[in-house]
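Structure record follows, encoded as C-alpha cells.
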Amino acid sequence: MEKKYDHKQVESNKYEQWLQQKLFQAGDLKKPPFCIVIPPPNVTGRLHLGHAWDTTIQDVIIRYKRMKGYDALWIPGMDHAGIATQAKVDERLRSQGTNPRGMNRDEWTKIAWSWKEEYAKIIRSQWGKLGLSLDYSREKFTLDPDLNNAVNEVFVTLYNKGYIYRGERIIHYDPVAMTALSNIEVIYKEEEAILYYLKYQLADSNQYFTIATTRPETIFGDTAIAVNPNDKRYNQMENKMVIIPTLDKKIPIILDEHADMEFGSGVVKITPAHDQNDFEVGNRHNLDRVICLNPNGTMNNAAGKYENMDRFQCREKLVNELKEKGLLLREEKITHSIGYSERSNAIIEPYLSKQWFVKVDELAKHTIENQKNAKTKVNFFPERFENVFLNWMTNIQDWCISRQLWWGHRIPAWYKDDEIHVGKEPPVGEGWVQDEDVLDTWFSSALWPFATLGWPQRLNRRYFPNNVLVTGYDIIFFWVSRMIFQSLEFNNERPFQDVLIHGLIRDKDGRKMSKSLGNGVDPMDVIDQYGADALRFFLMSNSSPGQDLRYDEDKVKAAWNFNNKIWNATRFVLLNTKDFPSPKHTFKRLSLYDKWILARLNETILETQKAIENFEFNIVCNTIYSFVWNDYCDWYIELSKFNLESPTTKSVLIYVLTEIVKLLHPFMPFVTEEIYQKFNNDQTSIMISNYPQYNKKLRYKDEINKVEKIKEIITTIRNVKQENKISNEYYLINQLNREELYLITDHQIEIGKILKTSFVKEKPANMQEIIITFAYGKIILCYNSTTNNNIDKEMLQKEKETLIESINKRTNLLANENFTKKAPPNLVDSEKQKLNEETEKLKLIEEQLK
RNA sequence: GGACGAUUAGCUCAGUUGGUUAGAGUGCUACCUUGACGUGGUAGAGGUCGUAGGUUCGAGUCCUACAUCGUUCACCA
C-alpha cells in the first residue's frame with residue numbers, strides 16, 4: 001500500500017465493476033422497496049457543483065437503504081429543457097453560419113436530438129465520476145415517446161375537464177427567445193429608470209393632462225386614458241378625447257378605479273395590449289387592444305415611422321421627438337423592478353397573445369387540502385419549506401404552458417377554421433393543422449415521479465409514491481409543487497412521501513456561482529484533484545438541512561486528509577495483521593480497550609442511524625469523523641501497539657475498521673470499497689454488505705468510564721509536563737484513591753509507554769516533584785531540574801481560584817430550593833456529585849499549597 | 001409592504017425537545033521527527049452566542065421589539 005493516499009488509483013475502474021456486477025439494478029422482490037427519482041439535469045451542458053451536491057445526497061440515501069436491506073431503486077434521467085436547449089442549439093448553428101430559424105422544423109429537431117445524445121453521454125460519465133448508483137436500465141428522457149404519451153394524456157384529460165384552456169391574455173413575453181413564459185420564469189430586479197411625464201392634449205382645447213410612463217414607446221398602443229371616478233379634478237371629463245403625443249390619434253378619457261388619485265397626476269394611460277392592469281381596464285370598458293410590438297422586440301406598424309426599430313432604440317428616438325415638440329414635460333429618476341427572462345436574460349415585455357393555460361385553482365385547492373392530512377401529505381424537510389410551498393399554492397395564478405419553440409412536447413391540439421380538436425390522436429379528415437407550439441418544460445417534469453414508472457400504461461405501484469425527493473429550494477415552485485398537484489390529480493396520491501430540500505452552493509465569498517461572475521467550480525476538476533470521495537464528504541459534512549453551502553477548497557482538502565487518515569489506519573492494520581484475514585478471528589478475552597472501542601463504535605452506530613434517518617448528514621459525517629480520528633486512530637490504534645501479538649487485538653482492529661468503512665460507504669463509496677476488499681475473502685462488494693447495527697449488548701458502560709478516566713489522567717499529565725517544560729526524564733508515583741489506584745496499576749505498562757516514562761514507588765533522589773491533583777486522588781510527577789518550581793505553585797493557585805468559583809456557583813445552585821425541587825432528580829444528583837468531587841480536589845490542592 | 005432565513009472563536013459553520021464550564025474544521029502559539037499517517041502527533045490560547053426587554057430555579061435555545069445582511073412573494077403610471 002502506498003503511504004500517500006492515491007485517489008486516482010483507488011477510484012479508477014470501481015464504477016465499471018459495480019456496473020458490470022449490476023449492483024445498481026433494483027428489482028429484488030423479496031426486499032422492501034425504496035425509490036428515488038433523480039431531478040433530471042438539463043441536457044444543456046455539464047453538471048455543476050449544485051448537481052454534485054444534490055445527487056450525492058441521493059446516492060447517500062440510496063446506498064444506505066440498499067445496505068439496510070431495501071430493494072433500492074434510483075431512476076436516472078434527463079430533461080429536454082426547452083428554452084435553454086433550443087438557445088444552445090441555435091447558438092451553435094449560428095456559430096456555424098446557419099440561421100436556425102431558416103431551417104425546417106424536422107431538420108432542426110434532428111440536430112437538437114444529436115445535441116441531446118452528445119450531452120447525455122457527458123452527463124452519464126460525470127455521474128460515473130461521482131459514483132452515483134443509478135439504475136441505468138430504467139433511464140428516461142423527458143421527450144421519450146412514453147413520456148410524450150403521458151404528457152398528452154394529462155393535457156387531453158385536463159382539457160376535457162376544463163382545467164386547460166386557450167385564451168388571449170397578457171403574458172410575459174421574451175423577445176429574445178421569442179416565446180411566452182410563465183410568471184415564475186420572470187426574475188425581477190430593482191433598477192433605476194426614468195419616469196417620463198408626457199403631455200396628452202385635449203382634442204378640443206388647450207388643456208392637457210400630464211401622464212407618467214416608464215415605457216414611452218407603448219403610447220402607440222394607448223387606447224384610452226383613465227381617471228379615478230372619485231377624482232373631482234377630472235371626473236366630469238369622461239368621454240372627452242385626448243391626443244396621443246406625436247400621433248394624430250384621439251383616445252377617450254374613461255373613469256376607472258385603477259387610476260390612483262394619489263399617484264403622479266392621477267391620470268394613467270391605458271395600453272390594454274401591453275399591460276396586465278390595462279388589459280383588465282380595457283375589458284371593463286370595451287377598449288381596443290392595439291399591439292405595437294413585433295415578436296422579436298421591434299416596433300410594428302402601429303408605431304408609424306418607428307416600425308421595425310428596436311423597442312429601446314425607439315424609446316430613445318421617441319423621447320427626443322417628444323422633447324422637440326414640447327410634449328415631454330419632465331423626467332424623473334425612479335427605482336422600480338424590471339422583469340428579466342430567467343433563461344435569456346432579456347427584458348420581459350407584457351404582451352397580448354393567444355396562449356394555452358392551466359387553470360390551477362382547483363388543483364391547488366386539492367393540494368392544500370391534502371397537506372392537512374398527516375397520512376397523505378408530503379413531508380417537507382426542513383419543515384419550514386412547507387409554508388413557503390403552501391403560501392405559493394394559496395396565491396397561485398394560472399399557468400401559461402404554451403411556448404413558441406420547436407424543442408418540446410408539441411401541443412396535442414389541431415385547428416380547422418373555427419374548429420379545434422384536442423386529443424391524443426390527430427383528427428381524421430382533411431385540412432387540420434396542429435398547433436405549432438410546444439409545452440412548458442415543467443409541464444412534462446411535473447409528471448416525472450410517475451411517468452418514469454410506467455404511467456399511464458401501467459404505473460409500477462411498487463415504487464410509487466417515491467419515498468423521497470431531493471431538490472433545492474429554488475425549484476419548489478417550478479417543480480415540486482407541480483409534481484404534487486399533478487400526482488394528486490392523476491393518481492389521487494402524493495408523488496413522494498418526503499421531500500428533502502437543500503440550499504444553493506455559493507463561492508467562498510458567499511456569492512452565487514454563475515457563468516457571468518466566472519466563479520463557478522467544475523466538480524470534475526475537484527474530483528481530478530482530490531477525488532470524488534473527498535468532494536462528497538466535503539459536501540455532506542459541511543452542509544446543514546435547507547441551508548446554503550459555501551464552497552471552500554480548504555475544506556475539500558480537509559476531507560482528503562480524512563481519506564488519507566483512513567488509508568493510513570488501514571496500512572497500519574494490514575501491516576500488523578499479516579496472518580489475517582484468516583478464520584482465526586476471535587473476540588475471546590477482550591481487553592479493557594477492546595471493550596471500550598467496541599462500545600464507542602456501538603454508540604457511533606446509534607448516533608449515525610438516528611441522524612441519517614432524519615437526513616442530518618452533517619451530524620452523521622461529524623460523528624463518524626470524530627470516532628475514526630479521535631477514538632480509533634488516536635487512542636485505540638496507539639493502545640493496540642502494546643498488544644499486537646494478541647489475536648483478539650488483531651481481530652478487533654480489523655473488525656472496527658471494517659465497520660467504519662461500512663458506516664462511511666454511502667458517503668465515500670470508492671475508498672471504502674477498496675479497503676473492504678482488502679479484508680474480504682469472498683470478494684463481494686461492500687455495496688451489498690450489511691450496514692452496521694446497534695447492539696444493546698455492547699454497551700460496556702463500566703469499561704467506557706474506566707478508559708475515559710485513563711485518558712483523562714494521561715492528558716492531564718501531558719499537560720502538566722508541557723506547561724512546566726519538563727524533559728523526557730521523569731517518573732510518576734501513583735497516589736490515587738483505591739479504585740483508580742488499581743485501575744492505573746493494572747495498566748501502568750501501556751500508560752507508561754504512552755507517556756514515555758514509568759511508575760515508581762518513591763521519589764528518586766535529587767528530583768523535584770509536582771503534585772497533580774484529581775478528584776480521585778493525586779499523581780506525583782518527579783522530574784530532574786535545577787529550576788525551581790514556582791510555575792507549579794502558580795498553576796495550583798490558578799486552579800484553586802477557578803475551583804472555588806465553580807464550587808460557590810454550585811453550592812448556591814444546590815441551596816436554591818426552586819432548583820432542587822423543580823429540576824430533574826438526575827441533574828440534581830449529578831450536580832451534587834460534581835460538587836463533592838470539586839470539594840475533594842480543592843482539599844488536595846490546598847494541602848499542597850501549604 | 002408581507003413571509004422566511006441568517007447573526008455563535010480570526011475565518012467557515014454545528015448546537016436536537018430550555019439543564020448550568022457552548023463544540024468542530026481551519027487558522028494561530030509552543031513542543032515532538034520511536035516505522036500507519038508531518039497530508040501527522042501532543043498540549044494550548046481564543047466566544048459576556050447581533051441589541052434591548054420578558055418568561056423560567058435555569059435561556060445560544062422560548063416570547064416581544066429593534067438592528068444588520070440575505071432570500072422570496074406582491075406592488076411599481
Side-chain angles (χ1 to χ4, degrees), chain A residues 1 3-5 184 188 190 193 195-198 210-215 218 225-226 258-260 263-271 275 277-278 334-338 382 384-385 387-388 391-392 395 473-474 476-477 503-504 508 510 512 538 541-544 546-550 552 554-555 557-576 610-611 614 616 618-619 622 625-626 630 633-634 637-638 641 714-716 718-723 725 728 753 756 802 805-806 809-810 813 816-824 826-828 830-831 834:
Chain A
M1 266 178 98
K3 211 166 157 180
K4 179 178 167 174
Y5 176 61
I184 52 176
Y188 291 94
E190 286 282 316
L195 191 58
Y196 299 94
Y197 287 84
L198 310 184
T210 307
I211 295 179
T213 179
T214 50
R215 295 189 297 153
T218 63
I225 66 169
H258 169 61
D260 182 350
F263 192 97
S265 62
V267 191
V268 58
K269 72 190 203 61
I270 303 298
T271 321
D275 183 280
N277 287 318
D278 293 3
I334 57 156
T335 49
H336 73 155
S337 54
I338 294 177
R384 64 187 156 88
F385 288 107
N387 291 332
V388 177
N391 205 2
W392 188 72
N395 302 306
Y473 59 69
D474 53 328
I476 292 177
F477 302 153
L504 263 40
K508 203 170 181 284
K512 251 187 202 174
F538 156 74
S541 61
N542 284 285
S543 55
S544 55
Q547 234 40 60
D548 288 351
L549 167 64
R550 288 195 196 199
D552 184 347
D554 285 343
K555 289 183 178 179
K557 270 182 205 165
W560 186 91
N561 288 351
F562 181 49
N563 237 322
N564 189 53
K565 187 75 179 176
I566 299 168
W567 185 253
N568 278 289
T570 305
R571 274 187 72 217
F572 172 84
V573 174
L574 281 173
L575 284 171
N576 292 289
K610 220 172 102 188
N614 286 325
E616 295 166 329
N618 56 331
I619 296 178
N622 295 331
Y625 181 98
S626 94
N630 306 126
C633 293
D634 287 352
I637 286 187
E638 289 309 316
K641 288 177 181 171
I714 291 174
T715 306
T716 310
R718 279 170 176 163
N719 178 2
V720 170
K721 208 187 133 209
Q722 289 208 15
E723 293 279 313
K725 296 195 165 38
N728 271 341
K753 280 181 179 168
K756 292 171 198 143
T802 51
E805 201 182 322
S806 176
K809 235 174 159 180
R810 237 180 272 281
L813 183 66
N816 186 341
E817 272 190 25
N818 274 321
F819 174 73
T820 47
K821 272 184 195 162
K822 290 181 188 174
N826 59 337
L827 186 73
V828 179
S830 93
E831 284 299 315
K834 278 181 196 163

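Chain letters run A, B, ... following the sequence lines, proteins first and then strands; every chain starts at 1. Basis for what follows: all heavy atoms, side chains included, without hydrogens, waters or symmetry-related copies.
The distance from the CD atom of Q547(A) to the CG atom of N618(A) is 10.5 Å, given to the nearest 0.5 Å. In this structure, R810(A) CZ and E805(A) CD are separated by 11.5 Å, a value rounded to the nearest 0.5 Å. To the nearest 0.5 Å, atoms CG (N576(A)) and CD1 (I637(A)) are separated by 9.0 Å. Separating the OG1 atom in T570(A) from the CZ atom in F572(A) is a distance of 11.5 Å, to the nearest 0.5 Å. If you take CZ on R571(A) and CG on N564(A), they are separated by 9.5 Å, rounding to the nearest 0.5 Å.
Heavy atoms of D552(A) sit nowhere under 4.0 angstrom from any nucleic acid atom. Heavy atoms of D554(A) sit nowhere under 4.0 angstrom from any nucleic acid atom. Residue-level contact check: R215(A) touches neither bases nor backbone, having no heavy atom under 4.0 Å from any strand.
Base pairing annotation: rU42(B) forms a Watson-Crick or G-U wobble pair with rA30(B), both donor-acceptor distances under 3.5 Å. Under the Watson-Crick or G-U wobble criterion, with both distances below 3.5 Å, rG18(B) has no partner in any strand shown. Both distances falling under 3.5 Å, in either a Watson-Crick or a G-U wobble arrangement, place rG70(B) opposite rC4(B). Remark: rU51(B) base-pairs with rA65(B). Criterion, Watson-Crick or G-U wobble with two distances under 3.5 Å. In this structure, rU56(B) forms no base pair with any nucleotide, since neither Watson-Crick nor G-U wobble geometry is met with both distances under 3.5 Å. Figure legend. rC37(B) is base-paired to no nucleotide; pairs are counted as Watson-Crick or G-U wobble with both atom distances under 3.5 Å. Under the Watson-Crick or G-U wobble criterion, with both distances below 3.5 Å, rG23(B) is paired with rC13(B).
Between the side chain of N614(A) and the main chain of E616(A), no donor-acceptor pair closer than 3.5 Å is present. Under a 3.5 Å cut-off, the side chain of N542(A) and the backbone N or O of F538(A) do form a donor-acceptor pair. No side-chain donor-acceptor contact under 3.5 Å links T214(A) to the backbone of L195(A).
For the C1' atom pair drawn from rA30(B) and rU68(B), the interatomic distance equals 39 Å after rounding to whole Å. Comparing rC37(B) with rU42(B), their P atoms sit 15 Å apart, to the nearest whole Å. Atom name C1', nucleotides rU29(B) and rU8(B): the rounded distance is 23 Å, in whole Å. Across rA45(B) and rG23(B), the matching P atoms stand 13 Å from one another, rounded to whole Å. Spacing between rC62(B) and rC49(B) at atom C1', rounded to whole Å, works out to 16 Å. Comparing the P positions of rA36(B) and rG41(B) gives an interatomic distance of 13 Å, to the nearest angstrom. A gap of 49 Å separates the C1' atoms of rC66(B) and rC31(B), to the nearest Å. Rounded to the nearest Å, the gap between the P atom of rU20(B) and that of rG40(B) is 33 Å.
Using bins of under 30°, 30° to 60° and over 60° for the plane-to-plane angle, the ring pair Y473(A)/F385(A) lands in the parallel bin.
Distance, N728(A) CG to rU42(B) C1': 12 Å, rounded to whole Å. We find that NZ of K508(A) is positioned 11 Å from C1' of rG27(B), with the value rounded to whole Å. Residue N622(A) contributes atom CG, which lies 15 Å from atom C1' of rU16(B) at whole-angstrom precision. Distance, I566(A) CD1 to rG40(B) P: 13 Å, rounded to whole Å. Atoms NZ (K555(A)) and C1' (rG27(B)) sit 13 Å apart, rounded to a whole Å. In this structure, N391(A) atom CG and rC4(B) atom C1' are separated by 9 Å, rounded to whole Å. Atom pair F538(A):CZ and rC13(B):C1' shows a separation of 11 Å (rounding to whole Å applied). Rounded to an integer number of Å, the gap from L549(A) CG to rG5(B) C1' is 16 Å.
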Between T218(A) and K269(A), does a side chain to side chain contact (heavy atoms under 4.5 Å, CB included) hold up when you go through it step by step?
CA-CA 10 Å; T218(A) 63; K269(A) 72 190 203 61; 2.8 Å; yes
Given N568(A) and K4(A), is the side chain to side chain donor-acceptor pair (under 3.5 Å) satisfied, shown in steps?
CA-CA 8 Å; N568(A) 278 289; K4(A) 179 178 167 174; over 6 Å; no
Residues K555(A), S541(A); criterion side chain to side chain donor-acceptor pair (under 3.5 Å); working and verdict
CA-CA 10 Å; K555(A) 289 183 178 179; S541(A) 61; over 6 Å; no
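Between rA14(B), rG19(B), rG25(B), one nucleotide has an atom nearer to the side chain of L827(A) than all others, and that is rG19(B). For N818(A), whose side chain is taken as the heavy atoms from C-beta onward, the closest listed nucleotide among rA14(B), rC57(B), rA43(B) is rC57(B). Across rU21(B), rA43(B), rU20(B), the shortest atom-to-atom separation from the side chain of R718(A) is found for rA43(B).
When each of I714(A) and N630(A) is assigned the nucleotide of RNA chain B with its nearest heavy atom, N630(A) is the one assigned upstream, toward the 5' end. Judged by closest nucleotide on RNA chain B, E831(A) is the one of Y5(A) and E831(A) placed further toward the 5' end.
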Take nucleotides 30-36 of chain B nucleotide by nucleotide from the 5' end and write B, S or -, depending on whether a protein heavy atom sits under 4.0 Å from the base, only from the sugar-phosphate, or from neither.
B---B-B
How would you summarise protein contacts on nucleotides 70-77 of chain B per nucleotide, using B for base, S for sugar-phosphate only and - for none, with heavy-atom distances below 4.0 Å?
---SSBBB
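A close approach under 4.0 Å does occur between a side-chain nitrogen or oxygen of T715(A) and OP1 or OP2 of rA43(B).
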